[in-house]
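Taking it in order: structure first as structure tokens, then the write-up.
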Amino acid sequence: MAETELPTPYTPATVEPKWQQRWADRGTNNAPLDGAARPFYALMMFPYPSAEGLHVGNLFAFTGSDISARFHRLLGHQVFQPLGYDAFGIHSENYALKVGAHPMELTPRNVANFQRQLERAGLMVDWRQKVDTSRPEYYKWTQWVFLQLHKQGLAYRKAAAVNWCPTDKTVLANEQVENGLCERCGTAVEQRFLEQWFFRISAFADRLLDHLEWLDWSPVTKQAQRNWIGKSQGAELSFGVVGSTECVRVFTTRADTIYGATYLVLAPEHPLVPTVTTDEQRDAVTAYQDATKKQDLIARKSTREKTGVFTGAHAHNPATGVQIPIWIADYVLMEYGTGAIMAVPGHDQRDFEFARLFGLPFVRVVAGPGENADSSLHDHAYTDDADGRLVNSGPFDGLDVATANAQVTAWLAGNGHGTAVTNYRLHDWCISRQRYWGPPIPIIYCDACGTVPVPESQLPVELPFIPDFKPDDSGISPLARHEEWYRVACPSCGAMARRETDVSDTFLDSAWYFLRYPSAQHTDVAFSPARTARWLPVDSYIGGNEHAVLHLLYSRFITMVLKDAGHIDFEEPFTRFRAHGMIIRDGAKMSKSKGNVINPDVYMEEWGTDAFRMYLMFLGPYEEGGDFRDQGISGVRRFLDRLWSSVRDATAEGAPDAEVMRKLHRTIRKVGEDTANLAYNTAIASMMEYMNTVRRGERTAHRHEVLPLVQLAAPFAPHLAEECWEALGHAGSVFDAGWPAFDPAMLIDDTVDLVVQVNGKVRGKVRVAVDVTQEAALTLAMADTSISKFVVADIRKVVFVPKRLLNIVV
RNA sequence: ACCCGGAUGGCGAAACCGGUAGACGCGAGGGACUUAAAAUCCCUUAACUGAAAGGUUGUGCGGGUUCGAGUCCCGCUCCGGGUACCA
């Protein structure tokens, strides 16, 4: 066997470029897209190509994903791991504004810089299938996706609030509003109403929720989605307005507390407000409505102080018949439920605060253990009342809360005052952006034909180059200033018509990109049916949990829509999703303002890409993240140096050491299990432990002792592993060599150390056969005076856990 | 406020189903090699106590369950993240 001489010492500066070049030349990282027998689609969240370049956080995420992909390849799958750029969006646009450049020129530069950095990172990426969401050949299909929703009636237009900065005279994205202030000038943001496009994701709420039961996703991510969808079962109840035929409908989850409803509250913009308001109160009500309208959504949510005003009107409580006042207040949101509530100040903290502020009456209708109908409410509402019973509630007195809830709802339903309903927190997805840097929404408005979708044959609707892409005081999209662009012939009647000038949300670009990758080079179709059938859904998706709700939920939604339209035959895009942790520095998130940002280039230069990759994975559990400290890298680099020199010096003479080989088989099992579970830190630790065994002193390793270790280390340190693999006489890539198998027989011990406790305290240990009996173990333990000296009385009890411990209780 | 995480040596961390707490790594101390340094290799390294053998204490705090608790239960404190008046 011809073995190449390895240089001394290990020099990543020559080894790493050599293998990156060879991978590119040989197409090592390219997946057999059309012929894979065991396809495995490994996906990582694609980056936004910032001008600052690759961040350690990106590298941490990508490396963890790459290790998983390489591991699956070693397990015998044909792995497809693509990567691309989420290049459209407000981030890129704002940055361009800041530096006075044009996004259409700046973005390709940033992408090129990112690409250069990523190619150094040694990822097993099939770069043939790269996507860039800001390229017409990509967003042509983003627009196509929009049309599929439109066709199914899932895209609609309605007036909705946007954030408006009165100083900059521009629409702000939610990301540009901080604590209710414009992030650029600090002015309080107001709300304005504009016609916007929405996707009817709310119609999919139950499906999105139910599938979480069986999806193999990180529990934290599933919980975040459940909370976001916010399903809540309750009832809609009617309160007749006094002296009117109108009814106020409220949503409540606590119909059982209706006897305690002492007033109603409508959202300020509730349509019944003008109708019910009395003449005496009209000025006060109008003033209040104006004041709340001026406040933006976020500022309104960040203050908890209650405000409100009486309308002058009253309604009948359907249970008690009592006339109760109708108020308006901004703590009631028009967007949720019916935009109106029945206030139960005794049993809802918000109502409690409001009632106390305005001197409204309280009635206790639930009494906890040890309380009665007259127990006072002290300084807060009684809300933790799951084991409470009803009081002051007529025929329902004495019932427990859950039973009463059902019975009151049924009773009110029976007399026409209510119905059981389910509400969701999830709102429809507003995809309109009054901005420039995104795909134009493919719609044309014609005076004669109305809203006409752009025919698929006319896609893409190209985003034009306009020098004045900056939002201005018109409050509309920059494209609306370009008549030469928006004036078009109506596709249906040919008359002059007008294009939609809003662009779509960046989240739409990323809600379907995983479908595009396998077909990235297809120009005639968004995703090829054959490729899609072979590769999707995604087998493993790894990304940050900051996308737990928006991106991941939108992707699921779009997938369901495409399934319903018959374009694909699965309705969940990501079979398995794992959220990785965040990498912090000195206990805080890395940010430029804190000055604790790590430039990965510097570290890759100094220590080598492999060492840096491995260090990032070693500093903590991948799913939790960790604290970056540069001192730690040297330990990982030392391990790689030791691996290198062990391989270099390995001998083929004689037989490998039996004890070392036993340790090897344990290590193979442990590294395999840990890597599968993304427990990279402990996988690396066990490889180090094995290395310590192999190299104890300056012992020369046998090639059979180190060869499998090269395979185990390959996902973590791919360049070095290839170099070692070649040095051990192999022509092909280590990634085609398979994952070493462990021999279960090598894992079985004949003797174990049995821990001996006396009264639960460890007093020693005895070496015993694995199948030793309790009696024999006890005899052995008692023979040891350092143990038996603690057995100062009669043995009352002996606890024996085979292979683990013996506890003598006296 | 609510929903998730988390808290373990000087530091990053490990510990399976309740069974030797601190694997692995960093740092520190000592030693070998060297003219010397670097590199490499070896040993020590939770705290207290003791000459040593050994002993006692110890996983954020207070209780509990158990032969046995970092791990389970009850009640808190602090830190990180998410959501934020969702009726």
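Here is the naming used below: chain letters follow the sequence lines, and residue numbers restart at 1 for every chain.
- In terms of modelled atom types and a separation under 3.5 Å, the side chain of A:Q289 and the main chain of A:P268 share a donor-acceptor contact.
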When every nucleotide of nucleotides 20-33 of chain B is labelled 5' to 3' by its protein contacts under 4.0 Å (heavy atoms), B for base, S for sugar-phosphate only, - for none, what sequence of letters results? BS-BBSSS------
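- The salt bridge (Lys or Arg N to Asp or Glu O under 4.0 Å) search around A:R767 returns A:D753, not counting sequence neighbours.
- Comparing A:Q223 and A:G626, the nucleotide of RNA chain B nearest to each residue sits closer to the 5' end for A:Q223.
- With sequence neighbours excluded, no residue forms a salt bridge (Lys or Arg N to Asp or Glu O under 4.0 Å) with A:D649.
- In this entry the distance linking CH2 of A:W217 with P of B:C4 reads 19 Å, nearest Å.
- In RNA chain B, the stems built from three or more successive Watson-Crick or G-U pairs (distances below 3.5 Å) are B:1-7 with B:77-83, B:10-12 with B:24-26, B:27-32 with B:40-45, B:46-49 with B:54-57, B:60-64 with B:72-76.
- In plain terms, the two heavy atoms of A:T257 and A:R254 that are nearest each other are OG1-O, 2.8 Å.
- A:N545 has its CG atom 14 Å from the P atom of B:G81, to the nearest Å.
- For residues 677-692 of chain A, the set of pairs meeting the side-chain hydrogen bond (donor to acceptor under 3.5 Å, both in side chains) definition, not counting sequence neighbours, comprises A:R642-A:N692, A:K663-A:E689, A:D674-A:T682.
- Taking a 4.0 Å limit (strictly below) on heavy-atom distances, residues 224-232 of chain A reaches RNA chain B at A:N227, A:W228, A:S232.
- Nearest nucleotide to the A:F251 side chain, out of B:A87, B:G19, B:U83: B:A87.
- Regarding A:E335, its CD atom lies at a distance of 11 Å from the C1' atom of B:C85, rounded to whole Å.
- Residues A:E705 and A:R699 are paired through a salt bridge, judged by an N-O separation under 4.0 Å between the basic side chain and the carboxylate.
- Among B:C85, B:G81, B:A87, the nucleotide with an atom closest to any side-chain atom of A:M582 is B:G81.
- Annotation: salt bridge (Lys or Arg N to Asp or Glu O under 4.0 Å) contacts of A:E236 (sequence neighbours excluded): A:R249.
- In this structure, A:R226 is not positioned above the aromatic face of A:W217 in the sense of NZ or CZ being under 6.0 Å from the six-membered ring centre and within 45° of the axis.
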Grab the N/O contacts between the protein and nucleotides 56-58 of chain B below 3.5 Å, and write none if there aren't any.
unit_1 : atom_1 : unit_2 : atom_2 : d
B:U56  : OP2    : A:R763 : NH1    : 3.2
B:U57  : OP2    : A:K761 : NZ     : 3.1

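- Residues forming a side chain to side chain contact (heavy atoms under 4.5 Å, CB included) with A:V791 (at least two apart in sequence, or on another chain): A:V758, A:M782, A:I795, A:I808, A:V810.
- Nucleic acid contact for A:V809: sugar-phosphate only, since backbone atoms but no base atoms lie under 4.0 Å from a heavy atom of the residue.
- Every residue two or more places apart in sequence or in another chain that forms a salt bridge (Lys or Arg N to Asp or Glu O under 4.0 Å) with A:R666 is listed here: A:D749.
- With rounding to whole Å, A:R425 atom CZ is found 10 Å from B:G82 atom C1'.
- Residue contacts for A:P621: at a heavy-atom cut-off of 4.0 Å it reaches the sugar-phosphate backbone alone, with no base atom in range.
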Look for any protein N or O under 3.5 Å of an N or O in nucleotides 5-8 of chain B and output each such pair with its distance, or none.
none

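- B:G18 and B:U71: their P atoms are spaced 11 Å apart (whole Å).
- Nearer to the 5' terminus of RNA chain B, by closest-nucleotide assignment, is the contact made by A:L619 (compared with the other of A:L619 and A:I341).
- Shown here for A:F362 and A:R356, the closest heavy-atom pair between the two residues is CZ-N, 3.9 Å.
- Here the straight-line distance linking atom CZ of A:F251 with atom OG of A:S232 works out to 3.5 Å at 0.5 Å rounding.
- Using C1' as the reference atom, B:G25 and B:U45 are 14 Å apart when rounded to the nearest Å.
- Using atom P as the reference point in both B:C67 and B:G60, the two lie 24 Å apart (nearest Å).
- A salt bridge between A:E673 and A:K670 is absent, with no side-chain N of the basic residue lying under 4.0 Å from a carboxylate O of the acidic one.
- If you measure from atom NE2 of A:H547 to atom P of B:U83, you get 11 Å, rounded to the nearest angstrom.
- In this structure, the side chain of A:R613 engages the main chain of A:F716 through a donor-acceptor pair within 3.5 Å.
- Comparing B:U8 with B:G70, their P atoms are spaced 15 Å from each other, to the whole Å.
- The side chain of A:K789 lies closest to B:G55, out of B:A84, B:G55, B:C85.
- Atom P of B:G62 sits at a distance of 38 Å from the matching atom of B:C85, rounded to the whole Å.
- A salt bridge links A:D206 with A:K231; the closest basic N to acidic carboxylate O contact falls under 4.0 Å.
- Between A:E623 atom CD and B:A13 atom P there is a gap of 15 Å when expressed in whole angstrom units.
- Remark: A:D784 does not engage A:K765 in a salt bridge, criterion side-chain N to carboxylate O under 4.0 Å.
- Here ring-ring contact (aromatic ring centres under 6.0 Å, His included) pairs that include residues 787-810 of chain A, with residues two or more places apart or in two chains, number zero.
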